[in-house]
Amino acid sequence: MRAAILADIHSNLTALEAVLADVERRGRVDEVWCLGDIVGYGPEPHRCIETIKERCHTCIAGNHDQAAADKLDISYFNPEAAEAAGWTTQHLEKDDIRFLENLPLILEKGDFTLAHGSPRDPILEYVLSTAVAEESLKHFQTRYCLIGHSHLALLFECGRHCSGSELAPESEVKLGNKRLIINPGSVGQPRNDDPRAQYAVYDAEAGRITFHRVEYDISITQQKMLEAKLPHWLIHRLALGR
Ligand code: ZN
């Protein structure tokens with residue numbers, strides 16, 4: 001069994017299509033798993049939802065998906081995120097909203113728990129420190145946990161304590177006895193100073209997850225954002241990967 005793992009697509013269809021093409025190029029996958037935040041920030045929420053519906057086998061909700069479906073108070077969003085969330089809601093169809101509303105917050109898939117933020121708080125909490133990673137272990141039963149939300153490709157390896165590290169492009173993580181919390185990085189708005197679209201592939205037979213980064217034409221997404229009059233910083237940051 002091979003599964004592509006995608007997180008934080010953020011209405012960036014050009015990045016999503018580049019990732020799905022790269023997945024195909026590397027060999028067949030049986031499933032595509034999505035870790036939430038299909039929408040928000042970017043210019044093509046409807047088409048991203050359509051693509052996810054078509055291609056994804058498993059999907060959970062992110063904070064931006066909940067915001068677009070009016071299930072989350074966005075008063076804590078920064079002004080640009082809040083403006084984009086309002087724009088997103090206006091550009092969704094009823095079926096899109098229904099789809100986002102019904103996404104589960106947390107799911108188990110074999111050895112993995114899928115949660116957008118953290119298993120303790122799937123919508124709002126970031127797992128960025130070993131302290132939060134250690135706390136997270138109490139909140140999932142499977143050996144491994146897949147998360148998104150920070151837009152950073154990160155690994156927390158946990159024995160008695162957890163240690164955290166950034167995942168380099170084309171790196172691989174062997175799945176063994178240690179409990180792991182893994183973030184594949186963001187498809188549509190990476191924040192690790194590398195603007196390439198990021199995702200991972202789980203290979204059950206090989207017992208590993210590999211991490212990939214894909215170039216895509218950022219200017220296409222930026223042009224669509226300009227036409228949609230989305231906030232300037234959101235357009236600019238895509239080229240910086242920040
Ligand atoms: Zn996100």
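Both ligands and their constituent atoms are indexed starting at 1 by order of listing.
- At a threshold of 2.8 Å, the Zn ion (ligand 1) has no backbone or side-chain N, O or S atom of His149 nearer than that distance.
- Counting only N and O atoms by type, the side chains of Arg196 and Gln198 include no donor and acceptor under 3.5 Å apart.
- Per residue Asp8, closest N, O or S atom to the Zn ion (ligand 1): atom name OD1.
- Taking the Zn ion (ligand 1) as reference, the nearest N/O/S atom within Asp37 carries the name OD2.
- Residues in residues 110-121 take part in these salt bridge (charged side-chain N to carboxylate O under 4.0 Å, His left out) pairs, two or more places apart or across chains: Arg120-Glu125, Arg120-Glu135.
- Shown here is Lys174, whose NZ atom has more than 12 heavy atoms of other residues, nucleotides or ligands within 6.0 Å.
- In this structure, Tyr41 and His10 have tilted ring planes: the angle between them lies in the 30° to 60° band.
- Taking 2.8 Å as the criterion, His116 does not count as a coordinating residue of the Zn ion (ligand 1), since none of its N, O or S atoms falls below it.
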